[in-house]
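Take a look at the structure set out below.
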Amino acid sequence: MSAAITLAQYVKKRTGVPLGHKDSLRNMLTRSLGASSFYLFWRYWNPVWSYYLSRYVMKPCNDIMPVWCAVVVTFAVSGALHDLAVGLVKLKPIFFFTPWFTVMGVLVLVSKYSQLQFSSAPWWLRALANISFIVLSFWLTSHLF
């Protein structure tokens with residue numbers, strides 16, 4: 001991500017509408033679920049969260065480690081922040097999101113480097129494929145951790 005891009009520019013680039021626009025959620029869901037790969041799904045999912053992860057985790061990590069490692073670390077940090085938030089709400093330690101998001105990060109890389117794409121599929125099938133990756137990573141995490 002360019003250091004000069006603002007949150008508002010980033011959100012508009014990802015959703016096609018300005019930050020806070022009434023169609024922002026609809027566009028995010030349509031674009032992310034209908035993405036032609038699991039890697040591209042994450043380009044559109046939750047652009048506000050992605051902006052900050054990209055700026056404060058991915059970019060600094062990418063400066064000191066290979067991009068594949070920076071991707072996994074970014075997903076793990078996102079998971080850890082989710083664990084922290086849920087743990088604060090439940091008033092007890094939670095350790096599920098960190099491994100789950102790490103598994104998703106690995107699946108993102110596997111799908112990208114194996115060039116797994118579903119661009120010729122209709123939107124509903126692309127959505128099913130992207131949701132399947134999320135469900136698969138959840139299932140794997142549930143059984144491995």
Side-chain angles (χ1 to χ4, degrees), residues 1-63 66-90 94-145:
M1 173 174 60
S2 169
I5 193 168
T6 66
L7 174 61
Q9 292 167 325
Y10 186 87
V11 169
K12 184 160 188 187
K13 183 177 181 179
R14 297 296 186 227
T15 65
V17 294
L19 184 63
H21 191 277
K22 68 178 180 66
D23 292 333
S24 188
L25 177 62
R26 182 195 59 160
N27 287 9
M28 180 203 66
L29 290 170
T30 301
R31 289 176 176 204
S32 60
L33 292 172
S36 61
S37 69
F38 192 52
Y39 174 78
L40 289 176
F41 169 89
W42 292 105
R43 292 256 181 215
Y44 298 107
W45 186 257
N46 199 344
V48 174
W49 186 247
S50 298
Y51 174 83
Y52 289 105
L53 283 173
S54 178
R55 174 156 292 207
Y56 297 109
V57 181
M58 181 67 182
K59 171 75 172 90
C61 286
N62 200 31
D63 289 343
V67 68
W68 68 266
C69 192
V71 167
V72 173
V73 168
T74 301
F75 271 85
V77 167
S78 180
L81 292 170
H82 282 76
D83 279 331
L84 179 63
V86 173
L88 289 171
V89 170
K90 290 189 161 208
I94 301 292
F95 186 70
F96 181 79
F97 292 96
T98 303
W100 180 23
F101 283 35
T102 302
V103 169
M104 277 195 284
V106 170
L107 286 177
V108 163
L109 293 171
V110 167
S111 69
K112 180 180 181 186
Y113 292 117
S114 67
Q115 298 179 5
L116 181 59
Q117 299 245 340
F118 8 94
S119 50
S120 61
W123 183 92
W124 68 269
L125 198 53
R126 294 190 313 265
L128 181 62
N130 285 312
I131 290 168
S132 295
F133 272 104
I134 294 167
V135 170
L136 173 64
S137 64
F138 182 87
W139 182 85
L140 286 170
T141 304
S142 297
H143 287 80
L144 294 174
F145 297 95

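We count residues from 1, following the sequence as given.
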Within this structure, what is the [atom1]-[atom2] distance for the pair [X] and [Y], rounded to the nearest 0.5 Å?
X: Arg55; Y: Thr6; atom1: CZ; atom2: OG1; value: 8.5 Å
X: Met104; Y: Leu136; atom1: CE; atom2: CG; value: 11.0 Å
X: Gln115; Y: Lys112; atom1: CD; atom2: NZ; value: 10.0 Å
X: Ile5; Y: Lys12; atom1: CD1; atom2: NZ; value: 12.0 Å
X: Thr98; Y: Leu84; atom1: OG1; atom2: CG; value: 9.5 Å
X: Leu125; Y: Asn130; atom1: CG; atom2: CG; value: 10.0 Å

Mind listing the closest non-hydrogen atom pair of [X] and [Y] along with its distance?
X: Thr15; Y: Val17; result: OG1-O, 3.0 Å
X: Val71; Y: Gly105; result: CG1-O, 4.3 Å
X: Phe101; Y: Gly79; result: CD2-N, 3.4 Å
X: Phe97; Y: Val86; result: CE1-CG2, 3.6 Å
X: Pro47; Y: Arg14; result: CB-CB, 3.9 Å

With sequence neighbours excluded, what pairs up with Val48 under the side-chain contact (heavy atoms from CB on, under 4.5 Å) test?
-> Leu7, Val11, Leu19, Asn46, Tyr52
side-chain contact (heavy atoms from CB on, under 4.5 Å) against Ser120, all qualifying residues, sequence neighbours excluded | none
Return each pair, listed once, that meets side-chain hydrogen bond (donor to acceptor under 3.5 Å, both in side chains) where at least one residue sits in residues 132-145; pairs must be two or more places apart or across chains.
->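 Found Trp100-Ser137, Trp139-His143.
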Only counting residues at least two apart or in another chain, list the ones meeting ring-ring contact (aromatic ring centres under 6.0 Å, His included) with Phe75.
->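 Expected list: Trp42.
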Apply the side chain to side chain contact (heavy atoms under 4.5 Å, CB included) test between Phe133 and each candidate in Val108, Val110, Leu116, Val103; give the one that qualifies.
->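 Answer after filtering Val108, Val110, Leu116, Val103: Leu116.
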Results of salt bridge (charged side-chain N to carboxylate O under 4.0 Å, His left out) for Arg26 - residues two or more places apart only |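 Only Asp23 meet the salt bridge (charged side-chain N to carboxylate O under 4.0 Å, His left out) criterion with Arg26.
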Heavy atoms of other groups near Trp123 CH2, more than 12 under 6.0 Å |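 Enclosed.
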Check: residues 33-40 side-chain donor-acceptor pairs under 3.5 Å, at least two apart:
residue: Ser37; atom: OG; partner: Leu40; partner atom: N; Å: 3.0
residue: Tyr39; atom: OH; partner: Arg43; partner atom: NH2; Å: 2.7

